[in-house]
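Heads up: the structure comes next, in structure tokens.
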Amino acid sequence: MRPFAMCYGGHQFGNWAGQLGDGRAITLGEIQTDNGLFSLQLKGAGPTPYSRSADGLAVLRSSLREYVCSEAMHHLGVPTTRALSLILTGDQVMRDMLYDGHPALEPGAVVCRVAPSFVRFGNFEILTARREIDLLARLADYTIDSWFPEFSHLSSPDRYIQWFAEVSRRTAAMITKWMAVGFVHGVMNTDNMSILGQTIDYGPYGWLEDFDPDWTPNTTDASTRRYRYGQQPAIAQWNLLRLANAIVPLVKETKPLEEILQEFGKQYGELWGSALLHKLGLENCDEVPQEFLGEMEQMLRLTETDMTLFFRYLGKLDPQALDQDSDPIEQISSVYYDYENINSDVRQKINRWLHKYGELTKCCGYSADERKARMNSVNPLYVPRNYLAQLAIDQVERGDTSYLLDWLEVLKNPYTEQSGKEGFATKRPEWARTRVGCSMLSCSS
């Protein structure tokens with residue numbers, strides 16, 4: 001092994017933060033496998049040259065969340081780094097969980113995570129900021145030759161342009177997957193953006209429970225909500241602009257990079273439109289009115305609606321049983337957090353949309369069972385809900401890993417209903433609405 005920590009910079013919450021780097025992550029080395037090159041990295045193993053006077057350690061709370069979520073994302077089909085192991089260190093680590101002046105000791109832990117590469121946008125930003133252009137070119141060439149070999153034969157500047165276009169495409173695909181399963185990263189700084197288009201750095205992430213595009217899980221972001229769910233595509237494009245600025249010295253001009261950035265919006269729009277139609281089971285319909293999809297978002301926000309369960313239960317809706325006098329909301333009543341108190345006006349608006357949906361399903365050429373199967377294949381039943389993670393943390397801190405191990409097994413098959421595992425697919429309970437760790441989290445780990 002030749003362990004190392006990387007130096008990189010980054011834009012944090014929209015502002016240039018200068019040099020950052022792997023403050024508590026050590027890459028042990030790279031392994032050549034039949035599936036390509038992989039890096040092994042310990043997170044929380046102690047100080048590094050970039051710890052910035054911190055201890056370089058991590059606590060169980062954040063380490064467990066990273067382990068669970070990275071593995072869950074893999075099984076959901078979302079591009080991601082993965083977790084090889086999670087161990088307790090036996091030490092106690094002091095952390096101020098909410099940055100409110102009340103630090104406390106927590107169990108220490110270390111995650112070993114795995115990825116083809118942990119290179120980020122910020123690796124390029126820091127070199128350009130320092131005007132180390134020769135080193136910038138070496139890093140870009142190494143990145144292309146190692147992980148984008150399809151562009152290795154191209155000469156400069158075409159190789160950098162084509163490479164950036166591919167990074168942009170992969171980022172658009174990743175963000176689409178996030179949005180489709182209701183994942184909110186929480187801290188989309190440029191130093192947390194993988195050059196491979198993989199989800200990296202699971203800090204204060206969260207999962208949409210009630211559908212709220214303005215929700216962010218990050219307490220540090222509570223005032224501006226820069227990294228809220230509905231803003232993630234725009235932030236991804238903004239971060240790509242920062243990467244484009246960093247490689248201008250290699251490309252020598254800005255126009256081709258600007259064109260790629262403009263294309264990002266179109267690429268994401270097409271991917272997201274297709275993902276929505278698949279989630280609705282309408283991918284085979286000749287034409288779904290755009291206003292229908294807009295009405296869906298408005299309808300989901302009329303009352304607290306569980307996003308995961310909404311799309312899952314929508315597959316059970318029987319269009320043949322619908323007529324103008326029917327009350328289809330009753331068929332999906334379990335997706336609402338306060339169904340009994342939905343007023344008549346909201347109920348009428350939801351029913352109106354459901355009737356429209358029922359009519360559209362009739363033009364798709366699928367039987368009810370086939371449509372349900374197709375929808376279930378893209379709409380997960382089991383996601384790592386915030387409160388489930390907190391329950392797992394609570395039990396592991398008491399020395400019991402049975403709940404965690406059972407949950408991890410369930411998350412390996414998120415699209416398949418599993419007998420006796422209903423507790424892992426239920427809405428957020430009322431006690432978890434405001435509990436720390438279940439509603440919002442800080443970057444403290």
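A salt bridge links Asp55 with Arg95: the distance from a Lys NZ or Arg NE/NH1/NH2 to an Asp or Glu carboxylate oxygen falls below 4.0 Å. Arg312 has no carboxylate O lying under 4.0 Å from a charged side-chain N of Asp306, or vice versa, which leaves the two without a salt bridge. A salt bridge links Arg159 to Asp145: one of the charged nitrogens lies within less than 4.0 Å of a carboxylate oxygen.
A donor-acceptor pair under 3.5 Å is absent between the side-chain atoms of Asp210 and the main chain of Met307, judged by distance alone. The backbone N or O of Ser402 lies less than 3.5 Å from a partner atom in the side chain of Asp400, making a donor-acceptor pair. The backbone N or O of Asp201 lies less than 3.5 Å from no partner atom in the side chain of Asn192, so there is not a single donor-acceptor pair. Put simply, the side chain of Asp221 gets close to the backbone of Tyr227: a donor and an acceptor are under 3.5 Å apart.
In terms of the ring-ring contact (aromatic ring centres under 6.0 Å, His included) criterion, Tyr339 has no residue partners (sequence neighbours excluded). In this structure, Tyr382 has no ring-ring contact (aromatic ring centres under 6.0 Å, His included) partners at least two apart in sequence or on a different chain. In this structure, the side chain to side chain contact (heavy atoms under 4.5 Å, CB included) partners of Ala5, at least two apart in sequence or on a different chain, are Asp22, Ile26, Thr48, Pro49, Tyr50. Here Arg374 pairs with Glu283, Glu370 under the salt bridge (charged side-chain N to carboxylate O under 4.0 Å, His left out) rule; sequence neighbours left out. Cys364 pairs by the disulfide bond (SG atoms under 2.5 Å apart) definition with Cys285, not counting sequence neighbours.
The cationic atom of Arg435 (NZ for Lys, CZ for Arg) does not lie both less than 6.0 Å from the six-membered ring centre of Tyr387 and within 45° of the ring axis.
Going from atom CG of Leu57 over to atom OG1 of Thr89 covers 7.5 Å, rounded to the nearest 0.5 Å. Taking CG of Asn123 as the reference point, atom CE of Met193 lies at 13.5 Å (rounded to 0.5 Å). Atom CG in Leu411 sits 7.5 Å away from atom CG in Leu76 (nearest 0.5 Å).
Sorted by first then second residue, the side-chain hydrogen bond (donor to acceptor under 3.5 Å, both in side chains) pairs that include residues 229-239, not counting sequence neighbours, are Arg228-Gln231.
Ring orientation note: the planes of Phe151 and Phe148 are close to parallel, at an angle under 30° on the 30°/60° scale.
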